[in-house]
Amino acid sequence: MNIRDEVLKELENHKGDYISGGQLSKELSVSRNAVWKAINRLKKDGYEIQAIPNRGYCLSPDNDILSPQSISKYLKHSIKIEVVSSVSSTNTVLKEKAAKGAPHGTVLVARKQTSGRGRMGKEFFSPVNTGLYFSILLRPDFPAAESLFLTTSAAVAVAKAIEDVSRQKAGIKWVNDVYIENKKVCGILTEAAFNIETNCLDYAVVGIGINLCPPQEGMPEELRDIATTVFQDMETCAGKSSVLMAHILDYFFDYYDDFPNQSYVEEYINRSIVVGKNIRLIDGNQKTDALALEMDKKCRLKVRLDDGTEKWICAGEVSIKLETP
Ligand code: BTN
């Protein structure tokens with residue numbers, strides 16, 4: 001870690017409190033001048049740091065610049081996190097890193113995406129500093145057939161973390177959209193490379209996009225009725241994105257480490273906002289109305305079609321649309 005990053009780590013760990021230049025220079029074994037230079041560099045990067053003679057430096061509690069330091073201090077798991085200002089798509093870039101050998105557990109976070117991608121080739125709206133956009137690289141050693149677990153457990157992790165930080169109730173729309181009050185707040189895109197010899201995945205990339213607060217100019221027209229945000233404005237969101245991100249990662253890796261027990265499934269089923277609702281199954285160009293009846297431990301959904309026939313559907317076969325009330 002360079003001096004700037006070490007100073008940032010200390011400031012993050014004392015966020016809202018003053019820490020003297022002397023203490024910083026002692027703890028990091030560098031000169032006071034080096035500390036001062038690092039502080040200036042951080043200020044240039046947009047960090048709000050107060051400096052008071054005889055008291056030292058204080059990182060504003062509302063500072064919400066995502067960094068490995070700001071996230072790691074809340075993390076229970078040890079995770080390698082990279083944060084970049086802007087990227088085409090965290091999924092695309094992390095897949096490239098995976099192909100070059102990046103290790104299991106690598107997390108790539110971006111403050112904005114220029115070509116954020118959703119499921120079914122859709123675009124994912126990813127403006128600067130108003131959302132969380134990140135991808136997790138996994139090298140699973142379980143059969144590829146079990147990989148739905150990655151997406152569904154990620155949805156539970158997001159829903160629980162949102163509740164932790166915002167006290168808003170979060171539900172899951174099968175398969176992997178997280179909803180608050182009937183509007184989508186998070187989408188998940190899982191992509192993978194299959195190894196035909198081992199019948200396992202070479203790697204999987206779980207990409208998570210969360211709307212944190214509305215951009216200054218408001219949500220785009222086409223999203224206003226269907227999408228929402230975790231926080232109502234930037235002020236309420238201030239200082240919370242790192243803690244939200246850390247909670248998601250901790251829940252996710254708890255479930256991952258506990259994989260054979262699938263401890264999250266009950267929570268997934270309980271959070272379903274689909275069961276008992278009229279839905280529309282979308283399979284390419286074909287659309288069929290149905291009633292969602294129940295979900296099983298494999299997260300398959302049982303539906304009754306209009307002609308009375310009942311069937312189980314699996315993720316990937318179809319997508320669904322909730323009937324508008
Ligand atoms: C969907 O709603 O259809 C899925 C959206 C997934 C968006 C996330 S944001 C981080 C990662 N990078 C992407 O390009 N997509 C995922």
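In this text, all values refer to a predicted model and were calculated from it rather than measured experimentally. One-based numbering, in listed order, for ligands and for the atoms of each.
- A salt bridge between E221 and R224 is present, with a side-chain N of the basic residue lying under 4.0 Å from a carboxylate O of the acidic one.
- Using a 4.0 Å cut-off between a side-chain N of Lys or Arg and a carboxylate O of Asp or Glu, D177 and K184 qualify as a salt bridge.
- Residue pairs meeting the salt bridge (charged side-chain N to carboxylate O under 4.0 Å, His left out) criterion with at least one partner in residues 31-58, sequence neighbours excluded, are R4-D45.
- Contact residues of ligand 1 (protein heavy atom closer than 4.0 angstrom to a ligand atom; sorted by chain and number): S89, T90, N91, Q113, G116, R117, G118, R119, F124, F134, S135, K184, G187, I188, L189, G207, I208, G209.
- For residues 84-103, every residue pair satisfying the side chain to side chain donor-acceptor pair (under 3.5 Å) rule, not counting sequence neighbours, is listed here: E82-K97, S85-R111, S89-T92, T90-Q113, T90-S135, N91-S135, N91-E191, T92-R117, K95-E191.
- With sequence neighbours excluded, the residues forming a side-chain contact (heavy atoms from CB on, under 4.5 Å) with C200 are T198, listed by chain and number.
- Scanning all heavy atoms of the two residues, the minimum distance from E163 to A170 falls at OE2-N, 2.9 Å.
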